[in-house]
Amino acid sequence: MKKKNFLWSLLTMMMVGLLSVGFVSCSSDDDDSDEVSVSNTSISLSESGGSQTILVKSNTKWTVSGNPAWLTVAPVQGSGDGAISLTASANTETGSRNCTLYINAGSASTFVSVYQSGKTKLSPADELSGSYTGTLKPMGYSDDPARCYVTLSKLSSDAVRIDKLLCEEFGLDMNPVNLTIKEESDGRISLRSETSKSVEGSYYQGQLTLSFSNSLATFYFSGTKN
């Protein structure tokens, strides 16, 4: 009987020992599970673009996915702890844009939300203000048009002034002329003088056109913003 009890006790101890090893083995497996985290899960960039860096902490290999054409990610893969550079191009649209980057590390994953603001919409007068280089041609003129330079400045929210209209070939150096502004439904800006000097024109996506008359002829200007 004593021998039987001794064998039973020995068997019980062996089973407990095996279970303990199993628990330890499971715990070790949990400790070795894939991990990944980032220093910042939300990034904001200005309309002009630029770069920011996020830090990655991981115990295994990782990859980055989900970046659109306007956002450069470098590197897109790594192992262990590292850094990722995010570089956005300038946003030329008035609307903002965003994306979500996914960092996958084996069975673990995390994400980074990237937001970029849109281009600030200028008032028509602010949009028009600036220097333009183009060509000038009188009505009925058969030769090539001449080089011409125009400078506009803002007077108010609905008015600009021609500070300079210079064309040496035709001997033109116009005195300042005030122009009123009107936004059209197609996005164009109409210009018209309210003085004895009849000047009118339009502006659309950086392209300025003007027409005016003097004692010699009616002239047409077409140019782009410098």
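Thr151 approaches Ser131 most closely through the heavy-atom pair OG1-OG, 3.7 Å. The minimum heavy-atom distance between Phe170 and Pro138, with the atom names listed, is CZ-CD, 3.4 Å. Closest non-hydrogen pair, Ala159 versus Ala125, comes out as O-CB, 4.2 Å. When all heavy atoms are compared, the tightest approach of Ser113 to Thr100 is OG-OG1, 4.3 Å. Nearest heavy-atom pair across Gly223 and Tyr132 is O-CD2, 4.3 Å. The shortest heavy-atom contact between Val36 and Ala105 is CB-CB, 3.7 Å.
For the pair Leu172/Leu166, no side-chain contact is recorded, criterion being any heavy-atom separation below 4.5 Å from C-beta on. Using a 4.5 Å heavy-atom threshold, the side chains of Cys99 and Pro68 count as touching. Using a 4.5 Å cut-off on side-chain heavy atoms (C-beta onward), Ile84 and Val64 make contact.
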Exercise for review: With side chain to side chain contact (heavy atoms under 4.5 Å, CB included) as the test, would you mind laying out the steps for Thr135 and Phe221 before giving the verdict?
Suggested key: CA-CA 6 Å; Thr135 56; Phe221 168 82; over 6 Å; no
Check your understanding: Can Leu55 and Asp81 be said to form a side chain to side chain contact (heavy atoms under 4.5 Å, CB included), step by step?
Key -> CA-CA 8 Å; Leu55 303 178; Asp81 297 346; over 6 Å; no
Practice item. Check the pair Ser129 / Asp126 against side-chain hydrogen bond (donor to acceptor under 3.5 Å, both in side chains), numbers first and verdict last. Key: CA-CA 5 Å; Ser129 297; Asp126 288 321; 5.1 Å; no
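When the side-chain contact (heavy atoms from CB on, under 4.5 Å) test is applied to Ser109, the partners found at least two apart in sequence or on another chain are Asn104. Under the salt bridge (Lys or Arg N to Asp or Glu O under 4.0 Å) criterion, Asp158 pairs with no residue, sequence neighbours left out. In terms of the salt bridge (Lys or Arg N to Asp or Glu O under 4.0 Å) criterion, Arg97 has no residue partners (sequence neighbours excluded).
Between the side chains of Asn226 and Thr133, at least one donor N or O sits under 3.5 Å from an acceptor N or O.
Here Ser153 contributes atom OG and Leu128 contributes atom CG; the two are 11.0 Å apart, rounded to the nearest 0.5 Å. Atom CG of residue Leu136 and atom CG of residue Leu165 lie 6.5 Å apart, to the nearest 0.5 angstrom. With rounding to the nearest 0.5 Å, the separation of OG1 in Thr224 from CD in Gln207 is 6.0 Å. Atom OG1 of residue Thr209 and atom OH of residue Tyr203 lie 11.5 Å apart, to the nearest 0.5 angstrom. With values rounded to the nearest 0.5 angstrom, Leu179 atom CG is found 7.0 Å from Leu152 atom CG. Ile103 CD1 to Thr63 OG1: the interatomic distance, rounded to the nearest 0.5 Å, is 9.0 Å.
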Side-chain polar contacts of residues 71-80 - donor-acceptor pairs under 3.5 angstrom, sequence neighbours left out - could you list them?
none

Return a table of donor-acceptor pairs under 3.5 angstrom between the side chains of residues 45-53 and protein atoms on other chains or two or more places apart.
from, atom 1, to, atom 2, distance (Å)
Ser46, OG, Ser48, OG, 3.0
Ser46, OG, Gly49, O, 3.4
Glu47, OE1, Thr120, N, 3.3
Glu47, OE1, Thr120, OG1, 3.1
Ser51, OG, Thr87, OG1, 2.7
Gln52, NE2, Ser44, O, 2.9

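Linking ILVMFWY residues whenever their side-chain heavy atoms come closer than 4.5 Å, directly or via other members, leaves Tyr220 and Met174 in distinct clusters. Both Trp70 and Leu101 sit in one connected hydrophobic cluster of ILVMFWY residues. Membership requires side-chain heavy atoms under 4.5 Å apart, directly or through other members. One hydrophobic cluster, built from ILVMFWY side chains closer than 4.5 Å, cannot hold both Leu155 and Leu208; they sit in different ones.
The aromatic rings of Phe219 and Phe212 sit parallel to each other, their planes meeting at less than 30°, with 60° as the upper class boundary.
A donor-acceptor pair under 3.5 Å links the side-chain atoms of Thr180 to the main chain of Arg192, judged by distance alone. Not one N or O on the side chain of Ser123 forms a donor-acceptor pair closer than 3.5 Å with the backbone of Ser157. In this structure, Asn214 contributes its side chain and Thr218 its backbone to no donor-acceptor pair below 3.5 Å. A donor-acceptor pair is defined here as one N or O able to donate and one able to accept, closer than 3.5 Å; no such pair exists between the side chain of Ser96 and the backbone of Ser117. Asp34 places no side-chain N or O within 3.5 Å of a backbone atom of Ala108 that could act as its donor or acceptor partner.
Atom CD of Glu184 is surrounded by more than 12 heavy atoms from other residues, nucleotides or ligands within 6.0 Å. The environment of Lys57 atom NZ is sparse: at most 12 non-hydrogen atoms of other residues, nucleotides or ligands sit within 6.0 angstrom.
Residue pairs satisfying the side chain to side chain donor-acceptor pair (under 3.5 Å) criterion with at least one member in residues 137-150, sequence neighbours excluded, are listed as follows: Tyr141-Glu169.
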